[in-house]
> 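This is the structure I want to talk about, given as structure tokens.
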Amino acid sequence: MAEKALTAVIQEAYIQGISTRSVDDLVKALGMEGISKSQVSRLCGEIDARVQAFLTRPIEGDWPYVWLDATYVKVRREHHIVSVAVIVAVGVNTDGRREVLGMTIGHSEAEPFWVDFLRGLARRGLRGVKLVVSDAHEGLKAAITKILCASWQRCGVHFMRNAMAHAGKTLRRIVSAWVGTAFAQDDAAAARKQWRHVADELRPRVPKLAALLDDAEADVLAYMGFPIQHRAKIHSTNPIERLNSEIKRRSDVVGIFPNEAAVTRLIGAVLAGTE
């Protein structure tokens with residue numbers, strides 16, 4: 001097998017989830033001599049240019065909906081093992097096309113981190129954003145307002161998990177059904193009215209849950225102000241969950257990344273391959 005073809009096979013195996021130590025067995029199965037880990041690393045390093053081209057490409061057109069979510073991986077840093085967040089941004093443009101818009105590695109969820117990430121997307125051309133959907137991250141709301149001038153939708157699925165933790169086992173089904181009546185309304189005004197009614201009904205029995213509903217009303221119901229045909233997709237981060245599952249599947253094979261550059265190389269290649 002020619003070196004170019006061998007390189008392509010090894011790179012594809014690496015991206016698809018075959019661990020570095022297993023590539024040697026793959027090469028032998030193809031009738032070739034074994035290949036060292038250093039050779040595999042060198043060949044896989046050639047993926048970097050493709051990943052960087054993907055992560056820095058221009059973003060064209062308007063992207064009214066953007067989803068942000070994080071998956072955590074383990075990395076070695078100065079002889080210690082730490083967890084870092086892989087932040088992925090996915091958008092839907094005015095034609096309904098979905099794309100991975102960007103990725104970064106985060107060590108903090110404070111406002112400066114989000115400002116830097118969103119500013120990078122804006123420099124590449126991200127515009128026309130009306131709604132950003134994510135879980136509740138510290139500093140994110142301020143960054144969205146400052147950089148994108150867009151509304152924020154708190155992930156409804158994640159919020160409901162938090163709410164159920166306050167409800168207790170005996171009230172979980174009842175609370176879920178009650179809150180669901182707000183989501184079932186036809187317009188934003190009716191949804192907000194029903195949301196406040198549910199909070200008031202819960203206040204005597206579960207005051208902490210009622211307070212949670214009070215605080216989250218605007219953020220959880222933001223999607224109700226958008227076209228009804230879009231609401232099923234924009235009320236949560238579910239549209240990005242498939243990507244997170246693929247990232248997790250591949251990172252689990254690695255276990256602990258040797259450095260952050262290896263995270264960017266692998267996860268970037270996985271994301272580029274989903275386009």
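The figures that follow rest on heavy atoms only: side chains count, while hydrogens, waters and symmetry mates do not.
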> Using side-chain heavy atoms (C-beta onward) and a distance below 4.5 Å, is His230 in contact with Lys233?
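Not touching, per the 4.5 Å side-chain cut-off.
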> Between Phe159 and Trp195 (judged by ring centroids, cut-off 6.0 Å), do the two rings come close enough to count as a pair?
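Yes, the ring of Phe159 comes within the 6.0 Å limit of the ring of Trp195, centre to centre.
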> Which of these, Val175, Leu209, Leu202, sits in a side chain to side chain contact (heavy atoms under 4.5 Å, CB included) with His166?
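Of the listed residues Val175, Leu209, Leu202, the side chain to side chain contact (heavy atoms under 4.5 Å, CB included) partner of His166 is Leu209.
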> Indicate if Leu55 and Leu121 have the same hydrophobic cluster label, given that clusters are the connected sets of ILVMFWY residues with side-chain heavy-atom separations under 4.5 angstrom.
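In one cluster with Leu55: Leu121, no.
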> Are Trp63 and Leu243 connected in the hydrophobic side-chain network, where two residues link if heavy atoms are under 4.5 Å apart?
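Trp63 does not cluster with Leu243.
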> Does the Gln153 side chain pair with the main chain of Tyr223, one donor and one acceptor, at a distance under 3.5 Å?
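Confirmed, Gln153 side chain pairs with Tyr223 backbone.
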> We want to know whether Thr71 and Asn244 form a side-chain donor-acceptor pair, criterion being a heavy-atom distance below 3.5 angstrom.
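Result is yes, a qualifying pair exists.
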> Answer yes or no: is there a donor N or O on one side and an acceptor on the other, between the side chain of Gln185 and the main chain of Thr181, under 3.5 Å?
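Yes.
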> Do the side chains of Lys130 and Ser151 get nearer than 4.5 Å, heavy atoms only?
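Counting from C-beta outward, Ser151 and Lys130 never come under 4.5 Å.
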> Any side-chain heavy-atom pair from His197 and Gln194 closer than 4.5 angstrom?
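His197 vs Gln194: side chains touch.
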> Does one hydrophobic cluster hold both Val115 and Leu140, with members joined at side-chain heavy-atom distances below 4.5 Å?
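Yes, one cluster joins them.
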> So, does Trp67 use its side chain to make a donor-acceptor pair with the main chain of Ser236 at under 3.5 Å?
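Yes; at least one donor-acceptor contact below 3.5 Å.
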> Just so I know, are the side chains of Phe113 and Thr104 near enough to count as touching, which here means a heavy-atom distance under 4.5 Å?
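A side-chain contact under 4.5 Å exists here.
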> Side-chain contact test, heavy atoms from C-beta onward, threshold under 4.5 Å: evaluate it for Thr264 versus Ile105 and give yes or no.
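In contact.
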> Where the side chain of Arg124 meets the backbone of Leu101, is there a donor-acceptor pair that is under 3.5 Å apart?
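Answer holds: yes.
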> Check the pair Lys74, Phe257 against side chain to side chain contact (heavy atoms under 4.5 Å, CB included), reporting the backbone distance first and the verdict last.
CA-CA 6 Å; Lys74 294 187 182 298; Phe257 287 86; over 6 Å; no
> Which heavy atom of Ala269 sits nearest to which heavy atom of Val51, and what is that distance?
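Nearest heavy atoms, Ala269 then Val51: N-CG2, 3.5 Å.
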> Taking the side chain as everything from C-beta on, heavy atoms only, tell me whether Tyr65 gets closer than 4.5 Å to Arg98.
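SC-SC contact between Tyr65 and Arg98 ruled out.
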> Taking NZ, NE, NH1 and NH2 as the nitrogens, is one of them in Arg97 or Glu99 under 4.0 Å from a carboxylate oxygen of the other?
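Glu99 and Arg97: salt-bridged.
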> Using a 3.5 Å distance criterion without hydrogens, assess whether the side chain of Asp187 forms a donor-acceptor pair with backbone atoms of Ala189.
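Confirmed, Asp187 side chain pairs with Ala189 backbone.
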> Which value, rounded to the nearest 0.5 Å, describes the distance between Arg203 atom CZ and Glu201 atom CD?
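Output value for this atom pair is 10.5 Å.
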> Side chains of Trp152 and Ser134: donor-acceptor distance under 3.5 Å anywhere?
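Result is yes, a qualifying pair exists.
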> Report the C-alpha separation of Val86 and Tyr72 in whole Å, then their side-chain angles, then the decisive distance to 0.1 Å, and conclude whether the side chain to side chain contact (heavy atoms under 4.5 Å, CB included) test is met.
CA-CA 6 Å; Val86 179; Tyr72 288 84; over 6 Å; no
> If you round to the nearest 0.5 Å, how far is CD1 of Ile247 from CZ of Arg249?
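Answer for the CZ-CD1 pair, Arg249 versus Ile247, is 11.5 Å.
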> Decide side chain to side chain contact (heavy atoms under 4.5 Å, CB included) for Arg119 and Leu148; before the verdict, give the C-alpha distance in whole Å, the side-chain angles of both, and the deciding distance to 0.1 Å.
CA-CA 8 Å; Arg119 188 170 283 156; Leu148 301 179; over 6 Å; no
> Work out which heavy atom in Gly168 is nearest to a heavy atom in Arg172; give both atom names and the distance.
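In terms of heavy atoms, the two residues are closest at O-CG, 2.9 Å.
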> What closest approach, in Å, do Lys146 and Glu111 show between heavy atoms, and which atom pair accounts for it?
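Closest heavy-atom pair between Lys146 and Glu111: NZ-OE2, 2.8 Å.
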> How long is the span from the CZ atom in Arg196 to the CG atom in Leu213, to the nearest 0.5 Å?
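Answer rounded to 0.5 Å: 12.0 Å.
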> Within this structure, what is the CD1-NE2 distance for the pair Ile144 and His137, rounded to the nearest 0.5 Å?
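If I round to the nearest 0.5 Å, the distance is 9.5 Å.
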> Considering all heavy atoms of both residues, which atom of Arg57 and which atom of Phe54 are nearest to each other, and what is their separation?
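Smallest heavy-atom distance, with atoms named: NH1-O, 2.7 Å.
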> Determine the sole option in Val157, Asp69, Leu68 for which the side chain to side chain contact (heavy atoms under 4.5 Å, CB included) test with Thr237 is passed.
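Exactly one candidate clears the test, Asp69.
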> What distance do Asn259 atom CG and Ile256 atom CD1 have between them, rounded to the nearest 0.5 Å?
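The CG atom of Asn259 sits 13.0 Å away from the CD1 atom of Ile256.
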> Looking at Ala188 and Gly225, what are the two nearest heavy atoms and their distance?
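For Ala188 and Gly225, the tightest heavy-atom pair comes out as CB-N, 4.4 Å.
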> May I ask you to test the Pro64-Thr94 pair for a side-chain heavy-atom distance under 4.5 Å?
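Side chain of Pro64 against side chain of Thr94, heavy atoms only: contact under 4.5 Å found.
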> In sequence, state the C-alpha distance, the side-chain angles, and the governing distance for Met103 and Ile87, and then conclude on side chain to side chain contact (heavy atoms under 4.5 Å, CB included).
CA-CA 5 Å; Met103 182 205 81; Ile87 309 294; over 6 Å; no
> Applying the salt bridge (Lys or Arg N to Asp or Glu O under 4.0 Å) test to Asp219, which of Arg154, Arg192, Lys141 qualifies?
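The passing option is Lys141.
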> Do any N or O atoms from the side chain of Ser245 and from the backbone of Glu241 form a donor-acceptor pair under 3.5 angstrom?
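Yes; judged by distance alone, with no hydrogens or angles, the pair exists.
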> Verify, without hydrogens or angle tests, whether Arg231 (side chain) and Met224 (backbone) share a donor-acceptor contact under 3.5 angstrom.
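Checked: pair present.
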> Atom CD1 of Ile240 and atom SG of Cys155: how far apart are they, to the nearest 0.5 Å?
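With rounding to 0.5 Å, CD1 (Ile240) is 10.5 Å from SG (Cys155).
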> So, for Ala232 and His235, which heavy atoms are closest and what is the spacing to 0.1 Å?
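That closest heavy-atom pairing would be O-ND1, 3.2 Å.
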> Is there a path of hydrophobic side-chain contacts, each under 4.5 Å between heavy atoms of I/L/V/M/F/W/Y residues, joining Val75 to Leu266?
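The answer is yes; both residues are in one hydrophobic cluster.
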> Treat each ILVMFWY residue as a node, draw an edge where side-chain heavy atoms are under 4.5 Å apart, and state whether Trp114 and Val88 are in one component.
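No.
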> Taking the side chain as every heavy atom from C-beta outward, state whether Val82 and Arg76 have any pair of such atoms under 4.5 Å apart.
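No, their side chains stay 4.5 Å or more apart.
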